[in-house]
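Naming: A, B, ... by sequence-line order, numbering from 1 per chain.
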There are 4 protein chains.
Amino acid sequence: MTHPRKKIPTLVKDQRLIQKRREQMIAAAVSLFTEKGFHKTTTREIASKAGFSIGTLYEYIQSKEDVLYLVCDAIHQELEDRLLPVLKEQATGRESLVQAIRRLFEIMDHMQDQILIIYQEAKSLPADTLRYVLKREEEITSIFEQVLKKGIEDGSIAMDPKDVKLMAHNIMVLGEMWVFRRWALAKNFTLEEYIDKQTAMILNQISYRAQAEESQIS
Amino acid sequence: MTHPRKKIPTLVKDQRLIQKRREQMIAAAVSLFTEKGFHKTTTREIASKAGFSIGTLYEYIQSKEDVLYLVCDAIHQELEDRLLPVLKEQATGRESLVQAIRRLFEIMDHMQDQILIIYQEAKSLPADTLRYVLKREEEITSIFEQVLKKGIEDGSIAMDPKDVKLMAHNIMVLGEMWVFRRWALAKNFTLEEYIDKQTAMILNQISYRAQAEESQIS
Amino acid sequence: MTHPRKKIPTLVKDQRLIQKRREQMIAAAVSLFTEKGFHKTTTREIASKAGFSIGTLYEYIQSKEDVLYLVCDAIHQELEDRLLPVLKEQATGRESLVQAIRRLFEIMDHMQDQILIIYQEAKSLPADTLRYVLKREEEITSIFEQVLKKGIEDGSIAMDPKDVKLMAHNIMVLGEMWVFRRWALAKNFTLEEYIDKQTAMILNQISYRAQAEESQIS
Amino acid sequence: MTHPRKKIPTLVKDQRLIQKRREQMIAAAVSLFTEKGFHKTTTREIASKAGFSIGTLYEYIQSKEDVLYLVCDAIHQELEDRLLPVLKEQATGRESLVQAIRRLFEIMDHMQDQILIIYQEAKSLPADTLRYVLKREEEITSIFEQVLKKGIEDGSIAMDPKDVKLMAHNIMVLGEMWVFRRWALAKNFTLEEYIDKQTAMILNQISYRAQAEESQIS
DNA sequence: TATGAATGAGTATTCATTCAT
DNA sequence: GATGAATGAATACTCATTCAT
């Protein structure tokens, strides 16, 4: 169902070892990229913070960019892992949406360092690899598309199906905005206030009365 | 009225020359940063593309980061210079808002490369310098605050004054989103459609009927 | 007993290798510094003459100044290693002094290039590091202090103990003078003559008859 | 009588101007070379501290080394100008010697920064130019040769004429030693003490009783 | 599998010197 | 005579990557 991840070739064969080493590597890299950015972090530092030698690092990756990709992918994975459990089968689309927005924003608050890495460093990935990361971002965005569609179907959400995709992106971006405009927002709002206000705005778009307005604007 | 810019020291004294050389330098840097990013662009490339030698480059700046700052500042200046003229004294706040949103989004579309530079490279600025750039971003955001306030005063816009700041940031981010989610949005919408839909959504938040709804959500 | 040397940090761990590489590095640097001086010698030249790459050089030092320090320290070490063996337990202070002066002057003649490096380049060391080098110079000077004191004790040398330190410095400087005034001295004297004459002068100061004279001078 | 100075070509013709500019230049350079050394001082700094532009600097010299030469020569000139007046026609050689030694050591104390420049930076002069500086040093040394010879002639000094040259060099070096071993000497002696002790030692060499001793040493 | 020494291409920055005005 | 903008060769130092052990 989900898009396949990029395979990063390895000189090592033991799968369990690969996973362990990569977890160490990713944890080290996240903390270093957060602190100094991708370019100012050296592979030596990553290896050393991960607890092994530079030679060993290169047994598990082929280039520094590979580390960045693994980091991005792990972040997306964690984001998804934290977001999905909030969706309940029995809830209406609207209920799920409110929950998912809250959860998304809380995740953004909690993972702000990691989110920033994706925003600021992903561009350093080779074009090919970047595509995997963007695909992943799209997959996560599509979670909101699903929720919105469910709401339309069960009647709890009123909106033009053609607008579902845009709305899903809007929600993601409003979440990320809490991270990358934090310097301005945190001066004026708590996370709670931010969630409440943005949720209200989003809900306002998908209620019946809103639909009438839309036509008379432009 | 506006926040003062950072002064970048120069070895050259002739002000006219400084301006001319810096314009050349900025133009060269924008194109190179867009193409390869800040870190992968060398100072020699900047100088050479600007049409002078590496020695001359350093007569007009003190470090590579200075070039990045000048680029960011010039981009913000151009953005503001393009945005402000759309505001007319005699228009209502609501009319101005619609115009300004359209203009902002068009500018984002037109200056996408530059906007991306700010988003992706500003983090490489020294902390001190970054503050100047963020301050500038806030100034531009406050243009929308002014417009919203005017609308509230002249009765053309209905919203809680406490929400003005957040709404202004939302508008800016929805504009920038056209740039940094272009890989997803451009597949589904034209700029026109994007402007219309997002404008509708924003207007929906600031119409009288919307106000009633807001309270009953959370 | 001797003052501790400055530790120069290394990226390499193998102590034997460190010693070997540093010996290569020092030999290369001495010859280059002699030929062109510290400032006009490039790190690349040092590495290349030492037989390894510039990258390898920096595995064993942290800065070009580190090389200079290592060179100075090695020179002092060699000087001391050549000087000390001349001192015999059973000799009188006066006998030891004559031997040590001769040996010192011979060393100066033999190591003139190296001595010049210390004289002319040590000032380029960071203040902290320079202190280590001067301390070392003082240690070597104190060898002559010991010899003089021994002579006073065993009665073979007659001088005011308060003058021991100055005399030790004088001896060292008269030795170094053979190096840095060589352009004038070598035209007029052989090393043998120089040793004889200066030794005579020094001995003249520490003989009983000399003491009487001193008081009637100033 | 004195050795001719090196001519440093000029683009400017007005001799009075040349002298004025060079004085400014030398004063600036001495202070900068003292503070940071020759290599770390830039020509721009020299020009700026001298009160004119870099372009003007090069109207009066041809290379940075020329500045160093002018500085060395000016220092030697000042040294000589301060030393010579102490010599009185009517005094005995021995009296003159004592006076000249005292004066020399006082000059060394007073001009320590400048003396250090000659000691540490002269090696950066082109070989040709260096010869002029060494010649000058020899000239100054020969002042002491003259005094010693006069003493021998008038019977106030007892020494082998063949040792005059060496003794003159010894005196010069013992003076310079107050500068370049200041880090060690100043901890133990005042200038007065230093002068007294070294003078005593020198006089001890040139008194009749000393002569006897000399033969029996080696 | 793990190590870490070796490599050398790459890069920001400096600075003596020139020359048109 | 004075100025100062322009030049570009030169240089210390870094760091991703390799490979022998």
Enquirer: Ion pair present between A:Lys40 and A:Glu35, side-chain N to carboxylate O less than 4.0 angstrom?
Expert: no
Enquirer: Counting only heavy atoms not in A:Gln19 (residues, nucleotides, ligands), do more than 12 fall under 6.0 Å from its CD?
Expert: no
Enquirer: Okay, side chain of A:Arg44, backbone of A:Ile54: is any donor-acceptor separation there less than 3.5 Å?
Expert: no
Enquirer: Apply the test side chain to side chain contact (heavy atoms under 4.5 Å, CB included) to residues D:Lys49 and D:Met25: give CA-CA distance (whole Å), side-chain angles for both, the deciding distance (0.1 Å), then the verdict.
Expert: CA-CA 8 Å; D:Lys49 188 149 199 165; D:Met25 183 191 318; over 6 Å; no
Enquirer: Measure from the side-chain heavy atoms of B:Leu17 and tell me the nearest of E:dG4, F:dA16, F:dA5.
Expert: F:dA5
Enquirer: Take atom CE of C:Met25 and atom P of F:dC13, then tell me their distance rounded to the nearest Å.
Expert: 13 Å
Enquirer: Where does the angle between the aromatic ring planes of A:His39 and B:His39 fall among parallel (under 30°), tilted (30 to 60°) and perpendicular (over 60°)?
Expert: parallel
Enquirer: Is a side-chain donor or acceptor of B:Arg136 paired with a backbone partner of B:Asp73 at a separation under 3.5 angstrom?
Expert: no
Enquirer: Compare the minimum distances between each of F:dT3, F:dG1, E:dA2 and the side chain of A:Val12, then state the nucleotide with the smallest one.
Expert: E:dA2
Enquirer: Distance check needed: F:dA16 P versus A:Glu45 CD, whole Å only.
Expert: 8 Å
Enquirer: Between the side chains of C:Lys123 and D:Glu121, is the shortest nitrogen-to-carboxylate-oxygen separation below 4.0 Å, so that they form an ion pair?
Expert: yes
Enquirer: For the pair made of CD1 in C:Ile54 and P in F:dC15, what is the distance, rounded to whole Å?
Expert: 14 Å
Enquirer: Mark yes or no: D:Lys64 above the aromatic ring of D:Phe38, with NZ or CZ under 6.0 Å from the six-membered ring centre and no more than 45 degrees from the axis.
Expert: yes
Enquirer: Relative to the 5' end of DNA chain F, which residue comes earlier, B:Phe52 or C:Thr43, by the nucleotide with the nearest heavy atom?
Expert: B:Phe52
Enquirer: Check whether any side-chain nitrogen or oxygen of A:Arg21 sits under 4.0 Å from OP1 or OP2 of E:dA2, and answer yes or no.
Expert: yes
Enquirer: Under 3.5 Å, is there an N or O donor on one side and an acceptor on the other linking the side chain of C:Arg44 and the base of E:dG10?
Expert: yes
Enquirer: Output the distance between atom CG (C:Leu32) and atom OG1 (C:Thr42), rounded to the nearest 0.5 Å.
Expert: 8.0 Å
Enquirer: Please confirm whether the backbone N or O of D:Gly37 pairs with a side-chain atom of D:Thr41, one donor and one acceptor, at under 3.5 Å?
Expert: yes
Enquirer: How long is the line joining CZ of C:Arg22 and P of E:dA5, in whole Å?
Expert: 13 Å
Enquirer: When Watson-Crick pairs (N1 to N3 and N6-O4 or O6-N4) and G-U wobble pairs (N1-O2 and O6-N3) count only below 3.5 Å on both distances, what is the dot-bracket string of DNA chain E, with | for other-strand pairs?
Expert: .||||||||||||||||||||
Enquirer: Which part of the nucleic acid, if any, lies within reach of D:Leu11 when heavy atoms closer than 4.0 Å are counted: base, sugar-phosphate only, or nothing?
Expert: nothing
Enquirer: In terms of the angle between their ring planes, are A:Tyr69 and A:Tyr132 parallel, tilted or perpendicular, with boundaries placed at 30° and 60°?
Expert: perpendicular
Enquirer: Between C:Ser53 and A:Lys13, who's closer to the 5' end of DNA chain E by nearest nucleotide?
Expert: A:Lys13
Enquirer: Separation of C:Lys20 atom NZ from E:dA5 atom P, in whole Å?
Expert: 13 Å
Enquirer: Would you kindly give the CD1-to-P distance between A:Ile46 and F:dT17, to the nearest whole Å?
Expert: 10 Å
Enquirer: Do C:Arg21 and C:Glu59 sit within salt-bridge range, that is, some charged N less than 4.0 Å from a carboxylate O?
Expert: no
Enquirer: Taking DNA chain E as the partner, which of residues 56-70 of chain B come within under 4.0 angstrom of it by heavy atom?
Expert: B:Tyr58, B:Ser63, B:Lys64
Enquirer: Can you list, by residue number, the residues of residues 29-42 of chain D that have a non-hydrogen atom closer than 4.0 angstrom to DNA chain E?
Expert: D:Thr41, D:Thr42
